[in-house]
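Below is one structure, written out as structure tokens, with a few remarks after it.
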Protein chains: 2
Amino acid sequence: MTDKKQNKPDIVDVARIARVSISTVSRSYNHPELVKPATRKKIERAVQKLGYIRNRAAQVMHGRRSGTIGLVVPTIDNAIFAELIQSFSDKLDQHGFTMLIASHGFDLDREYKMLRKLLEHRVDGLAVIGLEHSDPTYQLIEQQNIPTVAIWNYNKSSALSCIGVDNAEAGRLAARHLISLGHRKIGLVFPDPSGNDRAYDRLNGAVSEFRTAGIEIPENWRLEAPYSVREAKRASILLLEQGHRPTAILCGNDIIAQGVLYASNHLSLKVPDDLSIMGIGDFKGSAEVEPSLSTIRIPAKRIGLMAAELISDTIAGQHADITAMKLELRVMARHSTSRL
Amino acid sequence: MTDKKQNKPDIVDVARIARVSISTVSRSYNHPELVKPATRKKIERAVQKLGYIRNRAAQVMHGRRSGTIGLVVPTIDNAIFAELIQSFSDKLDQHGFTMLIASHGFDLDREYKMLRKLLEHRVDGLAVIGLEHSDPTYQLIEQQNIPTVAIWNYNKSSALSCIGVDNAEAGRLAARHLISLGHRKIGLVFPDPSGNDRAYDRLNGAVSEFRTAGIEIPENWRLEAPYSVREAKRASILLLEQGHRPTAILCGNDIIAQGVLYASNHLSLKVPDDLSIMGIGDFKGSAEVEPSLSTIRIPAKRIGLMAAELISDTIAGQHADITAMKLELRVMARHSTSRL
DNA sequence: CACAAAAATGAAAACATTTGCAAAACTATT
DNA sequence: AATAGTTTTGCAAATGTTTTCATTTTTGTG
């Protein structure tokens with residue numbers, strides 16, 4: 001406490017205590033093989049004694065990497081993203097990176113601001129969710145030429161490198177599953193698609209598949225529900241209480257599907273006998289609900305992992321630029337859907 | 001691309017283009033009132049043209065704040081923490097901070113390493129989950145004197161500032177609820193308490209409350225389950241299939257409780273008639289499951305929010321040191337428990 | 001229109017580190 | 001024991017910004 005300065009110990013302090021030059025201290029961190037073992041020991045002891053921790057900021061100024069990757073997500077508090085973020089972060093950690101995270105609540109203007117914030121911190125790489133972003137956002141990313149990958153949505157003609165699934169296909173697959181079970185009276189519960197290309201694509205995929213099969217969804221069977229079990233339950237109760245109701249409901253994601261499931265329970269509708277329910281996502285727990293939820297499996301963990309891998313490798317200069325990577329979807333036919 | 005240097009534009013570049021000195025550029029960011037509006041315009045244009053983004057690292061070197069707060073969590077992919085992290089991050093953002101996050105998977109040695117990593121980045125503040133940490137971790141935090149708050153667990157004699165709930169009390173409240181409904185044959189499903197003081201305290205609180213009421217839990221009615229609906233379901237099926245089974249099960253958290261609920265459904269046990277199920281946490285969705293889950297409400301959002309507030313204020317020099325803040329628990333008696 | 005006061009700007013030092021280059025200290029060889 | 005080579009270390013410049021202090025420009029007043 002009576003140290004000559006109140007502040008954190010310096011590389012200079014370490015050098016002084018270890019009785020070597022600061023270059024040697026620096027080297028013992030960055031090129032340990034160039035410094036004599038005995039000297040290294042001395043330095044180590046000094047570091048211990050002082051509780052010295054290197055200052056990344058100073059390193060960054062030297063053109064060194066910051067060792068951080070920025071991730072911009074709509075929200076963290078969401079089963080899908082949480083799983084993704086976890087695997088992304090784990091893989092980054094394995095590569096020695098730390099994750100800076102910013103969430104914008106589905107507001108693309110805020111997304112832009114958060115992106116700038118991350119860039120001020122000189123992140124070495126960047127990941128964003130989906131392919132729908134504001135023009136300034138795209139320009140910014142373009143301009144900075146920092147390795148960037150768009151996660152979650154796949155589109156072969158994307159301007160950004162992307163790793164994810166084809167959400168339109170997810171919608172189609174889900175629709176086809178219901179069609180194949182003989183359903184023709186179908187309700188839709190989806191999130192608001194604005195600023196959310198995942199939801200938009202799924203909805204479009206589903207609707208077009210139904211149309212192809214000659215099925216039109218009446219307006220009053222199309223519901224919008226936020227990402228929330230509660231709201232989805234509330235909204236779908238209204239739908240299901242109508243005298244004339246669908247035989248199946250296709251949901252924009254598993255959370256909504258759970259809401260619909262509980263709504264059915266609440267109204268004493270037997271699932272799947274009275275009503276088939278189809279989700280999209282296959283979140284943790286979807287296989288465990290009773291009845292287990294039929295859904296489209298999106299490999300969130302794998303997406304996060306591969307995205308982290310791609311960014312790390314790009315930074316390390318391995319790949320020039322993989323532009324698009326599509327992961328496979330799988331129909332998980334479980335017990336919330338049945339033949340009509 | 002043909003710029004004199006490949007690298008990112010500098011404050012120097014901006015100054016050159018705007019035909020002012022770098023001091024003026026710097027000032028126009030940090031003390032705009034000191035620079036003439038016309039000059040500010042010029043600088044702004046130059047910034048636009050170059051796509052200049054300030055380098056936080058260089059600012060940090062000047063003793064400026066990094067504008068980052070480090071958060072170390074056991075895991076992100078977990079309903080409780082996701083909600084907490086979200087509100088924490090939102091509030092931090094309001095205060096202009098960015099969140100650096102690291103997860104250690106309930107491994108206290110890894111926690112220490114992640115903490116060091118964050119400190120290399122010179123975070124302005126630090127948050128950790130719970131009060132159980134390795135000695136080196138405590139020393140490190142002590143030594144660095146960076147505003148630090150332990151989130152989630154409250155303990156009045158904590159060495160760290162903490163904001164959270166009394167998890168032992170949560171356990172007691174949950175137990176008392178079941179006792180008050182007349183249950184005496186009770187099963188326990190809790191996570192592994194090692195390196196997880198939240199679980200440990202809850203378990204202890206519950207067990208001691210039962211003991212006070214003269215209720216002993218037989219060894220084969222005490223289950224350990226990880227934080228996973230699936231595993232909890234699987235484990236509790238084994239418990240519930242036994243001929244002699246409890247009339248109520250107290251779960252270490254709502255995820256486990258959901259697993260038990262599904263297990264009951266699976267075995268066609270009526271909840272709450274055949275079996276009462278009590279959770280702890282009151283996660284999103286717990287009120288929506290059918291039957292809705294009786295549980296102890298832990299105000300995760302509020303905890304995250306207050307923690308962020310506390311850290312921000314401490315950094316800004318408002319409070320010297322609030323040492324401990326206990327948030328209130330609430331018994332949410334819903335439909336998964338009933339009088340025996 | 002001159003002068004003082006106020007406002008705006010610029011020069012240079014400081015921050016903590018890395019690294020190219022040079023010097024010093026060893027080792028091995030004759 | 002001197003020389004050449006090798007290993008180890010130190011010096012000093014460079015990185016991008018902020019800030020103090022000094023200087024220049026502008027404004028207001030008599």
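The figures here come from the full heavy-atom set of this structure, side chains too, leaving out hydrogens, waters and symmetry mates. Since the structure is predicted, the reported quantities are computational estimates derived from the model, not experimental observations.
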Open item on the list: Under the rule for salt bridge (charged side-chain N to carboxylate O under 4.0 Å, His left out), what residues qualify as partners of Lys326(B), not counting sequence neighbours?
Closed with: Glu169(B)
Can you give me the N/O atom pairs linking the protein to nucleotides 5-7 of chain C at distances under 3.5 Å, or say none if there are none?
none

- [ ] Could you work out which one of dT19(C), dT9(C), dT19(D) sits closest to the side chain of Ser26(B)?
- [x] dT19(D)
Task: Proximal nucleotide (of dT18(D), dT9(D), dG10(C)) relative to the Arg54(B) side chain - done: dT18(D)
Any side-chain N or O of [X] under 4.0 Å from OP1/OP2 of [N]?
X	N	answer
Thr24(A)	dG10(D)	yes
Gln59(B)	dT17(D)	no
Thr39(A)	dT9(D)	yes

Between [atom2] of [N] and [atom1] of [X], the distance in whole Å:
X	N	atom1	atom2	value
Glu33(A)	dT9(D)	CD	C1'	15 Å
Arg19(B)	dG10(C)	CZ	P	12 Å
Asn30(B)	dT19(D)	CG	C1'	10 Å
His31(B)	dT19(D)	NE2	P	5 Å
Lys42(A)	dT8(D)	NZ	P	13 Å
Arg16(A)	dT9(D)	CZ	C1'	19 Å
Tyr29(B)	dT19(D)	OH	P	15 Å
Arg64(B)	dG16(D)	CZ	C1'	13 Å

Task: Donor + acceptor pair across side chains of Gln86(A), Thr75(B) (<3.5 Å) - done: yes
Looking at [Y] and [X], is there a salt bridge between them, counting it only when a charged N and a carboxylate O are closer than 4.0 Å?
X	Y	answer
Lys301(A)	Asp77(B)	no
Arg16(A)	Asp10(A)	no
Asp13(A)	Lys8(A)	no

Give me, pair by pair, the N or O atoms of the protein and of nucleotides 21-27 of chain D that are less than 3.5 Å apart, along with how far apart they are.
none

- [ ] Please identify each residue that fulfils side chain to side chain contact (heavy atoms under 4.5 Å, CB included) with Ser28(B), with sequence neighbours left out.
- [x] Val35(B), Arg40(B), Ile43(B)
Open item on the list: Does atom CD (Gln48(A)) have a neighbourhood of more than 12 heavy atoms from anything else shown, all under 6.0 Å?
Closed with: no
TODO: Check the surroundings of atom CZ in Arg302(A): do more than 12 heavy atoms from other residues, nucleotides or ligands lie under 6.0 Å from it?
DONE: no
TODO: Please work out if Val20(A) contacts a base, only the sugar-phosphate, or nothing of the nucleic acid, heavy-atom cut-off 4.0 Å.
DONE: sugar-phosphate
- [ ] Between Ser21(B) and Arg122(B), name the one whose nearest nucleotide on DNA chain C is closer to the 5' end.
- [x] Ser21(B)
Open item on the list: Considering only residues two or more places apart or on different chains, which pairs with a residue in residues 58-78 of chain A satisfy ring pair (Phe, Tyr, Trp, His ring centres under 6.0 Å)?
Closed with: none
Open item on the list: Taking ring pair (Phe, Tyr, Trp, His ring centres under 6.0 Å) as the cut-off, I'd like each qualifying pair that reaches into residues 109-151 of chain A, sequence neighbours left out, listed once.
Closed with: His133(A)-Tyr138(A)
Task: Overall bend - the helix from dC1(C)-dG30(D) to dT30(C)-dA1(D), comparing terminal axes fitted on five pairs, nearest 10 degrees - done: 40°
Task: Which residues share a side chain to side chain donor-acceptor pair (under 3.5 Å) with Glu120(A), sequence neighbours left out - done: Arg56(B)
Task: Residues that Tyr52(B) engages under side chain to side chain donor-acceptor pair (under 3.5 Å), provided they are two or more places apart - done: none
Atom pairs and distances, side-chain donor-acceptor, residues 123-131 of chain A, under 3.5 Å, sequence neighbours left out:
residue, atom, partner, partner atom, Å
Asp124(A), OD1, Ser66(A), N, 3.0
Asp124(A), OD1, Ser66(A), OG, 3.3
Asp124(A), OD2, Ser66(A), N, 3.2
Asp124(A), OD2, Gly67(A), N, 2.6

Extract from the structure each pairing of a protein N or O with an N or O of nucleotides 12-15 of chain C at less than 3.5 Å, listing the distance.
residue, atom, partner, partner atom, Å
dA14(C), N3, His62(B), NE2, 2.7

Open item on the list: Donor-acceptor pair, distance only, cut-off 3.5 Å: does the side chain of Tyr227(B) make one with the backbone of Ala79(B)?
Closed with: yes
Open item on the list: Show me the pairs that pass side chain to side chain donor-acceptor pair (under 3.5 Å) and involve residues 147-159 of chain B, at least two apart or across chains.
Closed with: Asn153(B)-Asn167(B), Asn153(B)-Asp197(B), Asn153(B)-Asp201(B), Asn155(B)-Ser157(B)
